[in-house]
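Remember, predicted model here, so these are calculated numbers, not experimental data.
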Amino acid sequence: MRQRAGRVGALVLAGLLFAGGTVGCAGKGERPQDQAAAPVAATEAPSDEPVDEPSAEASPSPSGVAAMGAAPSRSASASPTPSKKPTRTAPPTKPRVVAKAPTETKVPPAPPKPAPSSCKPSYKGTQASRADVKAALTDAAARTYWPSSAPDLKIPLNLVKATAWQESGWQSNIYACDGGVGLMQVMPGTATWMNQRFDQSYDIADYRDNAYLGANYLAWLTKYIGDMYFESDFRLDPALCTAELDSCLLNAVISAYNFGHGAVAREGEPLAIPNPSYVRNVRALMTECVCLGY
């Protein structure tokens, strides 16, 4: 869940490249606790007064650990088993030419400024094992984040895994120079906003809560953008996408996780994808990431 300034991964890189600091996603926050109990499933809470949309889009800038998630593997063990039946049961909903007014009027804070490319990330605490990270991401993807107004809205597990890999390389204890924290590189301001919006107490420093924050932010973006452009069709199915990046909700959600909702969805304007390289990288990781085999 991210509002960050630009983490463009290079698909041709193999393995994790440890460079400078990562950028934080719009749903990242921080609260040091070593052992936080897993929160109950998120429930909807009423929106408060409107908050202005960010007017300026963040400009892309190389992130220190942008390449950490750009490690897709084409090995057979990493490839998910293809489903026998297509998940699409209805024709794709084409995006509106211009957006409707958003149903969510209280929105996350604007993305941070890009961190200097020379900055190196820091590490705090103990790194969670791959098995523990896998379990946390799986649990986060299985939750229903909009039980009342959009109970059919689901976040695909491979999207959650791929996003975490792109953002942190599944490193649970990494702190980026721009403020992003943990697996999903959640921004502290976004975590605070999400806890208030959904009446939760997620601890950004706990890898399990960090996974919930990331998945919850993906769910919020799905609802927000889906209502504005896709007539509340919340399917995040790659089969609904065409070669045009602005053709489907999945690409828009991935883009907004990286650049912020305000850079992608604006009332009365066409859908925008300001970070195509990031979107293509996460889409590739959804099917080719070595992490899918863990």
Side-chain angles (χ1 to χ4, degrees), residues 1-11 21-29 51-70 95 99 102 104 107-115 117 159-160 162-168 176-181 184-191 193-194 213-226 228-230 236 241 244-267 269-286:
M1 58 179 115
R2 293 200 155 185
Q3 290 183 330
R4 318 168 271 203
R7 303 180 192 166
V8 177
L11 291 176
T22 61
V23 266
C25 82
K28 307 176 176 182
V51 173
D52 292 337
E53 292 276 351
S55 59
E57 296 178 2
S59 58
S61 120
S63 154
V65 286
M68 296 178 70
E104 287 279 297
V107 297
K113 294 181 180 180
S117 59
L159 173 59
V160 177
T163 302
W165 191 264
Q166 169 67 25
E167 295 296 330
S168 70
C177 295
D178 70 348
V181 177
M184 304 296 284
Q185 283 297 281
V186 181
M187 285 294 180
T190 302
W193 169 80
M194 292 193 72
L213 281 164
N216 200 348
Y217 186 62
L218 287 168
W220 184 87
L221 289 169
T222 301
K223 180 71 163 61
Y224 184 81
I225 301 173
M228 292 178 69
Y229 288 95
F230 293 89
L236 297 176
C241 304
E244 300 297 326
L245 287 179
D246 60 358
S247 63
C248 63
L249 181 57
L250 173 61
N251 290 347
V253 168
I254 293 172
S255 177
Y257 191 93
N258 173 239
F259 249 50
H261 69 283
V264 175
R266 293 179 178 176
E267 183 180 353
E269 296 186 16
L271 188 68
I273 305 294
N275 48 353
S277 295
Y278 181 91
V279 173
R280 291 188 179 101
N281 197 51
V282 174
R283 284 289 307 275
L285 290 167
M286 288 178 66

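For Ala252, the side-chain contact (heavy atoms from CB on, under 4.5 Å) partners two or more places apart in sequence, or in a different chain, are Ile225, Val264, Leu271, Ile273. Annotation: side-chain contact (heavy atoms from CB on, under 4.5 Å) contacts of Pro270 (sequence neighbours excluded): none.
Rounding to the nearest 0.5 Å gives a distance of 12.5 Å between CG of Asn251 and OH of Tyr278. Considering CE of Met228 and CG of Leu249, their distance stands at 12.0 Å, rounded to 0.5 Å. Atom CG of Asn281 is separated from atom CG of Asn275 by 11.0 Å, given to the nearest 0.5 angstrom. To the nearest 0.5 angstrom, Leu218 atom CG is 5.0 Å from Thr163 atom OG1.
Across Gly179 and Pro188, no two heavy atoms sit closer than the pair O-CD, 3.3 Å. Of all heavy-atom pairs between Leu221 and His261, the closest is CD2-CB, 3.8 Å. Summarising the geometry of Ser247 relative to Pro95, their closest heavy-atom pair is O-CD, 3.6 Å, with the distance given to 0.1 Å. Heavy-atom minimum distance, Ala265 versus Tyr229: CB-CE1, 3.5 Å. Smallest separation of non-hydrogen atoms from Ala115 and Cys177: CB-CB, 3.5 Å. Nearest heavy atoms, Pro108 versus Trp220: CD-CH2, 3.4 Å.
When side chains are defined from C-beta on, Val282 counts as touching Leu159, because their heavy atoms get closer than 4.5 Å.
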### side-chain contact (heavy atoms from CB on, under 4.5 Å) evaluation trace for Leu250 with Met286
CA-CA 11 Å; Leu250 173 61; Met286 288 178 66; 4.2 Å; yes
